Structures are given as structure tokens and as C-alpha cells.
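Quick caveat: nothing in here was measured; it's all calculated off a predicted structure. Each chain gets a letter, A, B and so on, in the order the sequences are listed, and its residues count up from 1. Values below: every heavy atom of this structure, side chains too, minus hydrogens, waters and symmetry copies.
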Number of protein chains: 2
Amino acid sequence: MTRRATIPAQPASERSPRARPGGGKNSGRNDRKNVAIDISPLPDRIGYMLRRAQLAVFKNFVRCCAEFDIRPGQYAVLAVIENNPGLKQIDVSTALGIKRTNLVALIDLLEQRGFARREPVPADRRSYALHLTAKGKAFMSKLHARVDAHERQVRTALGEDARDQLLPMMQRLIDTLGPASTDDEP
Amino acid sequence: MTRRATIPAQPASERSPRARPGGGKNSGRNDRKNVAIDISPLPDRIGYMLRRAQLAVFKNFVRCCAEFDIRPGQYAVLAVIENNPGLKQIDVSTALGIKRTNLVALIDLLEQRGFARREPVPADRRSYALHLTAKGKAFMSKLHARVDAHERQVRTALGEDARDQLLPMMQRLIDTLGPASTDDEP
DNA sequence: TATTGTTATACTCTATAACTATA
DNA sequence: TATAGTTATAGAGTATAACAATA
């Protein structure tokens, strides 16, 4: 089955018009414009569709939070610090699957913007205790509302019944295929 | 509800031991090691879980196709050329949501590896007709088998009933939230 | 004037190696 | 010896602006 009708993940503007059988030898002539491209196996690949969907959702996130100038990853780090005041960078690293080496600049940024701070830990002078500043807490309380709005848009797009099924499915993929490499094991 | 038991997307090694209520003031002391981190809202965010799952699936793809030294994006481009011999770069661009400007180096690479070639189009001397070489076709026939194996692993991880539901859900997200910006519209 | 491919550039995310200071 | 944070660096992926050749 060569897949044309079922229509793949490409701009709606490209898909709307009509599909055109690309069977044997439609090679050379694309003059009439708006040719339907056959991306056959891709719309049946979990990874491909997952990727396209994730990009669409992230784009929606950034658009919704534009006035806060925040990226999904930054929001995740802030949320983890908010829920676990005093935790170490390595904890954030393992919790979110971000390498500790890549977390440094991220925390730097949040510190520069005045949202988080690194506090010395007397018991272990190698590490820092991460906390939100008052400004950071205020920022998050406003941001959460926006992210919730974004989330509602996504869930609306998904449809009622699908919502409760998607998250467990994702969790199964993560658990089974091996979670993100936090650090260690090359 | 603060979410602890439901257990989020983090390395299984971190999750297995036991969850620890992080309610009021568990701030300073993380000495006992292996502390459960509360990433509260994140496992309920579609975008976050989508991202973690997509990374896991892509990682599995790369692992499965290690001997071919191929990335998901490269495979996608090769597949589109294979199914639409003679198409232009701009067609690949719109079909896969890759900016035409970023596609250049990608095609360059596939050409350097001898898998694809750019043929001049007499009718439109601005564009090239993309084709797989004989080597590229042979490569793809072997690669498809490997990607199919990867796909089976992913679908096994997902579980029987979930498989048929996931793809339509992804398609709905892509369609509704706006597809990937191919080019144009800033 | 618009389209196709291209270059240059930049920013984000991810990845590895190696260093430091502590433990 | 191992751990926490850091630096430097490199590679993908994505983004914009501007240009040449052609339509």
C-alpha cells in the first residue's frame, strides 16, 4: 500500500487540494505546481509523527509564553526547583534528563534573570542548593497560568478521549526504550 | 494534587527505590542519597512527555541503524526522494517541514555519500531533480528492513491497542496546532 | 516580481573530555 | 576513588537575511 489518501504530516495547504497518484513515471514534469508528494512510510513511523507533533506543541508553547520569553526547558527547570527547593544541580539533571554539563548555562541564565539562585551548602561544599527568588516565584505563578492555557489548547486539539490515553503511552515508550541518558553510560 | 506516586518521566533507576513525600520543608538535607525529585506538573504536560518519548524513540532509531550511520532526518529525506524521483529540493522542504536553506547541507551529505544526486532540469534551470543513485537504492532496501525492526520495537513498547490510536492523535496535534513552518510566514 | 537554490550566520539542544574542589 | 560543578568544544537541528540565477 503506497499511502496517498490517508494523508501525511505536511502543511495543510499542501494536503488540501487533491492527492495525485505518483505510481509509475510522474518524474519530470511538476509544472502545474502544488504537486502532492508521497512521503509513504513516514506517517506510519511513530518516531516521525512524534517528532512533528512535538515540534508543533513546543511551537505553541513558545507562542503562548511569548511575553515571558521562556523556553520549555527553562520552564521545566524552574518548575523542578519550585517543587524541590534546595535541590542540587545534579538532581535537576537526573530528574529532567539534562546532562549536568549542559545545565550549567541554563542555571546561569535563570540566575541572571533573577529567577533562581545558587546557595552554598555547608554540609557539602561541592554542591549548591537551588532556590527560586521571590521574583522567580512571582514569575512562575504568572507563567503557570499561561502554560495551563497552552496545555488546554493542546488537549482541545487532541480531543476528549485521547487525552487520558496519550500520557500513559508516552510513559511506556520512555520506560521501555530506555529513558534519556542523564549522564554516565555512553 | 502534588503527584508523587504516579511517577514521572525520569530514569527508572531513580524511580524504582521509593517515593518520598516532599511536602513542607524537606529543603536542606539530601544526604541519604537517591532522593525522589518532585517534577509535579511536567508528567501531565503533553509537550514534556511528547519530547521525552520522542528522544527515546529517536535514540532507539539511531541505535538500530548504527551500522548504517544514518539519522532520522536523513532517512526521511532519502525516503521522500525514493518515493518521488525527480522532485525538487523545495518539494522535500515543504513535505518534511525542513527549511530549504537547511536542506542544502543535508542533500550535500547524501550526495557525498553517493546515495543521491542532483540532476539539472531543462524546463526550469533554477532547480534540480533529485534521484537516488543505484547505491542509494541498495542502501535504502537494506535500511528499510532495519527501520522496520526499530518500528516493531517501538510498537511492542507501545502495546497492541495503543498503536492504532497514537498516529491519528499526532496527526490531530499537527493539523490543529499548525504544521511545521517550512519556510515563509515568520 | 516571484521562485529556487545557495551562503552566511546565529541560537538552541545535545554530547564528550577534561579540569577543580571537594568528599 | 568518586562526586558536583565547571569549562571547552563539537555536532545536530532550527531560524533569518541576503544574494544569484532564473522564471
Side-chain angles (χ1 to χ4, degrees), chain A residues 30-35 48 51-52 54-56 58-59 61-63 69-77 86-94 96-109 111 118-130 180-186, chain B residues 30-31 33-35 47-48 51-52 54-56 58-59 61-63 69-77 87-94 96-109 111 118-130 179-186:
Chain A
N30 286 6
D31 358 76
R32 273 306 137 212
K33 213 181 190 183
N34 242 349
V35 182
Y48 175 77
R51 174 64 171 157
R52 300 289 301 244
Q54 181 256 308
L55 284 177
F58 268 34
K59 198 157 290 190
F61 180 103
V62 172
R63 196 186 319 130
D69 187 29
I70 198 95
R71 303 269 321 161
Q74 299 164 4
Y75 167 73
V77 171
L87 86 173
K88 302 179 294 181
Q89 290 183 198
I90 191 73
D91 296 327
V92 178
S93 177
T94 58
L96 297 180
I98 301 173
K99 292 208 177 334
R100 74 187 195 283
T101 173
N102 292 327
L103 198 60
V104 176
L106 225 170
I107 304 280
D108 284 348
L109 175 71
E111 217 173 17
R118 287 182 248 232
E119 279 191 1
V121 177
D124 185 346
R125 286 158 57 207
R126 293 173 302 180
S127 62
Y128 298 109
L130 299 174
S181 60
T182 304
D183 230 289
D184 328 297
E185 37 156 1
Chain B
N30 286 5
D31 357 74
K33 212 181 193 184
N34 241 349
V35 183
Y48 176 75
R51 174 66 169 155
R52 299 290 302 244
Q54 180 257 310
L55 284 177
F58 268 35
K59 198 156 291 191
F61 180 103
V62 172
R63 196 186 320 130
D69 187 28
I70 197 95
R71 303 269 321 161
Q74 299 165 3
Y75 167 73
V77 170
L87 88 173
K88 303 180 293 182
Q89 290 183 200
I90 191 71
D91 296 327
V92 178
S93 178
T94 58
L96 296 180
I98 302 172
K99 291 210 178 333
R100 73 186 195 284
T101 173
N102 291 328
L103 198 61
V104 176
L106 226 170
I107 304 280
D108 284 348
L109 176 72
E111 219 173 17
R118 287 182 248 232
E119 279 192 1
V121 177
D124 184 349
R125 285 157 59 205
R126 293 173 303 181
S127 61
Y128 298 109
L130 299 174
S181 59
T182 304
D183 228 289
D184 327 297
E185 37 157 1

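- Distances shown here put a side-chain N or O of Q89(A) below 4.0 Å from the OP1 or OP2 atom of dT6(D).
- Between L109(A) atom CG and dT12(C) atom C1' the separation is 12 Å, expressed in whole Å.
- Rounded to whole Å, atom P of dT14(D) lies 9 Å from atom CZ of R52(A).
- Close to dT22(D), at under 4.0 Å from its OP1 or OP2, lies a side-chain N or O of R125(B).
- Of the residues listed (I98(B), V92(B), L96(B)), the one engaging L106(B) in a side-chain contact (heavy atoms from CB on, under 4.5 Å) is I98(B), and it is the only one.
- Closest to the R100(B) side chain, of the nucleotides dT14(C), dG5(C), dA4(D), is dG5(C).
- For the OP1/OP2 pair of dG13(D) and a distance below 4.0 Å, the side-chain nitrogens and oxygens of R71(B) include at least one atom meeting the criterion.
- In this model, the phosphate group of dT14(D) is not approached by any side-chain N or O of K99(B) to a distance below 4.0 Å at OP1 or OP2.
- When the side-chain nitrogen and oxygen atoms of R118(B) are compared with OP1 and OP2 of dT6(C), one or more of them lie within a distance under 4.0 Å.
- Residue-to-nucleotide proximity on DNA chain C shows that, of Y128(B) and P72(A), the 5′-proximal contact is made by Y128(B).
- Counting to the nearest Å, the P atom of dT12(C) and the CG atom of N102(B) are 16 Å from each other.
- Note that the NZ atom of K88(B) and the OG atom of S127(B) stand 5.0 Å from one another [nearest 0.5 Å].
- T94(A) OG1 to L103(A) CG: the interatomic distance, rounded to the nearest 0.5 Å, is 10.0 Å.
- Per the geometry, CD1 belonging to I90(A) stands 18 Å off P belonging to dT22(C), to the nearest Å.
- For dA15(C), one of the phosphate oxygens OP1 or OP2 lies less than 4.0 angstrom from a side-chain nitrogen or oxygen of K59(B).
- Look at CG on L96(A): it is 18 Å from P on dT12(C), rounded to the nearest Å.
- Straight-line distance from the CG atom of D124(A) to the C1' atom of dA21(C): 10 Å, rounded to whole Å.
- A donor N or O paired with an acceptor N or O is found under 3.5 Å between the base of dT7(D) and the side-chain atoms of T101(A).
- The distance between atom CD1 of I98(A) and atom P of dA15(C), rounded to the nearest whole Å, is 11 Å.
- Nearest-nucleotide positions on DNA chain D for I107(A) and R51(A) put I107(A) closer to the 5' end.
- Considering E119(B), Q89(B), E111(B) in turn, Q89(B) is the only one that fulfils the side-chain contact (heavy atoms from CB on, under 4.5 Å) rule with L130(B).
- Separating the CG atom in L55(B) from the CZ atom in R51(A) is a distance of 8.0 Å, to the nearest 0.5 Å.
- Between L106(A) and R126(B), the one whose closest nucleotide on DNA chain C sits nearer the 5' end is R126(B).
- Put simply, CD on Q54(A) is 9 Å from P on dT14(C), counting in whole angstrom units.
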